[in-house]
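The block underneath contains the structure these notes are about, expressed in structure tokens.
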Amino acid sequence: MPSPQLAVIGGGQLARMMQQAAIGLGIHIRLLAEAPDVSAAQVIPDHVVGDYTDLDTLRAVVADAPVVTFDHEHVPPEHLNALQAEGHACRPGPHALLYAQDKGDMRTRLGALGIPCPRNAAVSSAADLESFGFPAVIKTTRGGYDGKGVWVVRSAADAEEAFASGRSLLAEELVDFRRELSALVARSPSGEVRAYPVVESRQADGVCAEVIAPAPGLDPALDAEARAMAERIATELDVTGILAVELFETTDGRLLVNELAMRPHNTGHWSIDGAVTSQFENHLRAVLDLPLGATDARAPWSVMVNILGGAVEDLEAQRAVVLAAEPDVKIHLYGKSVKAGRKVGHVTASGPDLDDALTRARRAAALFTQGVTS
């Protein structure tokens, strides 16, 4: 097998969708997968099964790959520094990934840059929390996702589970927000930056449920501010690849940074079918320092709805039912076993009417999740 142009660490659905883009561009990917049957290993022939926290395993996978990128942000930074010292370009690099790995470091850095964030402070005791004030949101500084490692607290008693976890914790103000937005940008090592339309992200139980592109009714000034903020963060933190900046639009008309992700992101999945260049293709272009593609929307509206594990266990058998009911909806299944609440795929509907796109996408997702249309 020829040498890879790119090594991808992590075998989830993001790596799987990178492979879709890589095929069209003629890019050979080698994958480090956590298990032989994970999502990306099913579609990337050149893969190795191993532990991404083991440096020797990483060295074996990237041995003849000049560039390394990631399906997740959890590779130990000291390992990435070692790979870079040995001549492999890690994109994004460990100096940037630090701010996606640790929320405390991220808040400190963004604060130093003057980027607006929720009021926050490190807390290690009930006394610290009492000093910070209630209500508050407590987050683990590392490892939380999809609502895990997050507690909304209105008294010290509410925080007992958080403190019992023994993990480093960050307290943030409970923001009074109108909605959540996401601004995605792609940035190459040579400094080229392309911004996608700002989207609205709708959550259910801490998990992204729906994304609407572009964000309906977004004030043009806030749209420009969100894009400029994302571009500045990407440049100041020297991010290479896709950067997702998750934002709160507050009830008094401000934007506050909620989270950062330095990889293709759930809020950008709509771009596979709804943008001129998908976030996955632009991520590959960026990390390989190829010219970036246009990020314009192909239709006035695109709606992405996640398929979460539910009553339907055989998604492949249900596929024909969904296609018959909604032939114009685009389906993306991740090859994952069905577990309650697990992201096992997504659907996207596009068109000139937002209500129609919402109805079609929701119906298709419901057929995969519950087997019903309501």
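This one's a predicted model, so the numbers in the text were calculated from it and none came from an experiment. Positions are given from 1, in the same order as the sequence printed here.
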Problem set entry | Verdict with reasoning, Arg342 to Ser337, per side-chain hydrogen bond (donor to acceptor under 3.5 Å, both in side chains) | CA-CA 9 Å; Arg342 186 186 200 187; Ser337 60; 2.9 Å; yes
For this session: Report yes or no: do His283 and Thr69 form a side-chain donor-acceptor pair below 3.5 Å?
Result: yes
Problem set entry | Whether Arg263 side chain and Ile242 backbone form a donor-acceptor pair below 3.5 Å | no
For this session: Decide yes or no on side-chain hydrogen bond (donor to acceptor under 3.5 Å, both in side chains) for His28 and Ser3, but give the supporting numbers first.
Result: CA-CA 8 Å; His28 175 190; Ser3 297; over 6 Å; no
For this session: Return yes if some donor-acceptor pair links the side-chain N/O of Asn306 with the main-chain N/O of Leu308 below 3.5 Å, else return no.
Result: no
Exercise. How far apart are the closest heavy atoms of Phe368 and Val312, and which atoms are they?
Worked result: O-CB, 3.1 Å
Exercise. Given side chains that start at C-beta, do those of Arg107 and Leu170 come closer than 4.5 Å, heavy atoms only?
Worked result: yes
For this session: Using a 4.5 Å cut-off on heavy atoms from C-beta on, say whether the side chain of Val137 contacts that of Glu173.
Result: no
For this session: Could you walk me through whether Thr57 and Asp51 pass side-chain hydrogen bond (donor to acceptor under 3.5 Å, both in side chains), step by step?
Result: CA-CA 7 Å; Thr57 298; Asp51 180 1; over 6 Å; no
For this session: Check whether any side-chain N or O of Arg16 sits under 3.5 Å from a backbone N or O of Ser39 as a donor-acceptor pair, and report yes or no.
Result: yes
For this session: Could you pull out the closest heavy-atom pair between Ala361 and Val329, with the gap in Å?
Result: N-CG2, 4.5 Å
Exercise. Which atoms form the tightest heavy-atom contact between Val338 and Val344, and what is the distance?
Worked result: CA-CG1, 4.3 Å
Exercise. Within the side chain of Ser302, is there an N or O that forms a donor-acceptor pair under 3.5 Å with the backbone of Ser350?
Worked result: no
Exercise. Mind checking whether Thr235 and Arg187 have side chains closer than 4.5 Å, heavy atoms only?
Worked result: yes
Exercise. Are Ser190 and Asp289 linked by a side-chain donor-acceptor pair shorter than 3.5 Å?
Worked result: yes
Exercise. Does any N or O in the side chain of Asn81 come within less than 3.5 Å of the main-chain N or O of Pro77, such that one atom is a donor and the other an acceptor?
Worked result: yes
Exercise. Does anything in residues 304-327 pair up under salt bridge (charged side-chain N to carboxylate O under 4.0 Å, His left out), and if so which pairs, sequence neighbours excluded?
Worked result: Glu326-Arg363
Problem set entry | Cluster overlap Leu83 with Leu32, hydrophobic side-chain contacts below 4.5 Å | yes
For this session: Using the side chain to side chain contact (heavy atoms under 4.5 Å, CB included) rule, take Asp46 and Ile29 through it: C-alpha gap first, then chi angles, then the decisive distance, then the call.
Result: CA-CA 7 Å; Asp46 187 0; Ile29 287 175; over 6 Å; no
Exercise. Is a side-chain donor or acceptor of Gln318 paired with a backbone partner of Leu367 at a separation under 3.5 angstrom?
Worked result: yes
Problem set entry | Pair Tyr52 and His79, ring centroids less than 6.0 Å apart | no
For this session: Indicate yes or no for a side-chain donor-acceptor contact from Arg142 to the backbone of Asp102 under 3.5 Å, with no hydrogens or angles considered.
Result: no
For this session: Examine distances only and state if a side-chain atom of Asn120 and a backbone atom of Pro118 form a donor-acceptor pair shorter than 3.5 Å.
Result: yes
Exercise. Among side-chain atoms of Asp176 and Thr251, is any donor-acceptor pair under 3.5 angstrom?
Worked result: yes
Problem set entry | Donor + acceptor pair across side chains of Ser182, Glu180 (<3.5 Å) | no
Exercise. In Å, rounded to the nearest 0.5 Å, how long is the span from CD1 of Ile212 to OG1 of Thr267?
Worked result: 13.0 Å
For this session: Answer yes or no: is there a donor N or O on one side and an acceptor on the other, between the side chain of Gln101 and the main chain of Glu73, under 3.5 Å?
Result: yes
Exercise. Under 4.5 Å between any side-chain heavy atoms of Asp353 and Trp301, yes or no?
Worked result: no
Seminar exercise, completed: Closest non-hydrogen atoms of Val199 and Ala213, given as atom of the first, atom of the second and distance, are CG1-CB, 3.5 Å
Exercise. In terms of ring plane angle, is the pair His346 and Tyr334 parallel, tilted or perpendicular, where the classes change at 30° and 60°?
Worked result: tilted
Exercise. So, do Glu161 and Trp151 sit near enough that their side-chain heavy atoms are less than 4.5 Å apart?
Worked result: yes
Exercise. Where do Arg254 and Glu249 land on the salt bridge (charged side-chain N to carboxylate O under 4.0 Å, His left out) test, with the steps shown first?
Worked result: CA-CA 6 Å; Arg254 295 174 295 132; Glu249 180 185 354; over 6 Å; no
For this session: Check the pair Arg227 / Glu225 against salt bridge (charged side-chain N to carboxylate O under 4.0 Å, His left out), numbers first and verdict last.
Result: CA-CA 6 Å; Arg227 294 190 195 212; Glu225 182 183 344; over 6 Å; no
For this session: Evaluate the ring planes of Trp270 and Tyr196, with Trp represented by its six-membered ring, and classify them as parallel (under 30°), tilted (30 to 60°) or perpendicular (over 60°).
Result: perpendicular
Exercise. Roughly how far apart are Leu288 CG and Leu25 CG, rounded to 0.5 Å?
Worked result: 9.0 Å
Exercise. Do you know the tightest heavy-atom contact between Ala159 and Ile138?
Worked result: CB-CD1, 3.7 Å
Exercise. Under a 4.5 Å side-chain heavy-atom rule over Ile, Leu, Val, Met, Phe, Trp and Tyr, are Leu243 and Val75 clustered together?
Worked result: yes
Problem set entry | Atom pair CZ/CG of Arg91 and Leu284 - distance to nearest 0.5 Å | 12.5 Å
Problem set entry | Gap separating the OG atom of Ser168 from the NZ atom of Lys103, nearest 0.5 angstrom | 10.5 Å
For this session: Check Arg59 against Ala82 and note the closest heavy-atom contact, atom names and distance.
Result: NH2-CB, 4.4 Å
Output side-chain donor-acceptor pairs under 3.5 Å for residues 291-300, partner residues at least two apart or in another chain, one line each.
| from | atom 1 | to | atom 2 | distance (Å) |
| --- | --- | --- | --- | --- |
| Thr295 | OG1 | Ala195 | O | 2.6 |
| Arg298 | NE | Ala275 | O | 3.0 |
| Arg298 | NH2 | Val276 | O | 3.3 |

Problem set entry | Any donor-acceptor N or O pair under 3.5 Å, side chains Gln13, Lys343 | no
Exercise. Is there a path of hydrophobic side-chain contacts, each under 4.5 Å between heavy atoms of I, L, V, M, F, W or Y residues, that connects Val245 with Leu237?
Worked result: yes
Exercise. Is there a donor-acceptor pair closer than 3.5 Å between any side-chain N or O of Glu200 and the backbone N or O of Pro214?
Worked result: no
Problem set entry | salt bridge (charged side-chain N to carboxylate O under 4.0 Å, His left out) between Glu172 and Arg119, worked out | CA-CA 6 Å; Glu172 297 183 352; Arg119 183 174 64 88; over 6 Å; no
Exercise. Atom CG of Asp223 and atom CG of Leu218: how far apart are they, to the nearest 0.5 Å?
Worked result: 5.0 Å
Exercise. What do the steps show when you test Asp356 against Arg360 for salt bridge (charged side-chain N to carboxylate O under 4.0 Å, His left out), and what is the final call?
Worked result: CA-CA 6 Å; Asp356 174 68; Arg360 289 187 289 121; 2.9 Å; yes
For this session: Would you kindly confirm whether Leu113 and Leu98 end up in one hydrophobic cluster when ILVMFWY residues are joined by side chain heavy atoms under 4.5 Å apart?
Result: yes
Problem set entry | His269: which of Thr348, Val211, Val305, Leu14 passes side-chain contact (heavy atoms from CB on, under 4.5 Å) | Leu14
Problem set entry | Rounded distance [0.5 Å steps], OG1 in Thr53 versus CD1 in Ile9 | 11.5 Å
Exercise. Leu333 and Met17: same hydrophobic cluster, using ILVMFWY side-chain contacts below 4.5 Å?
Worked result: no
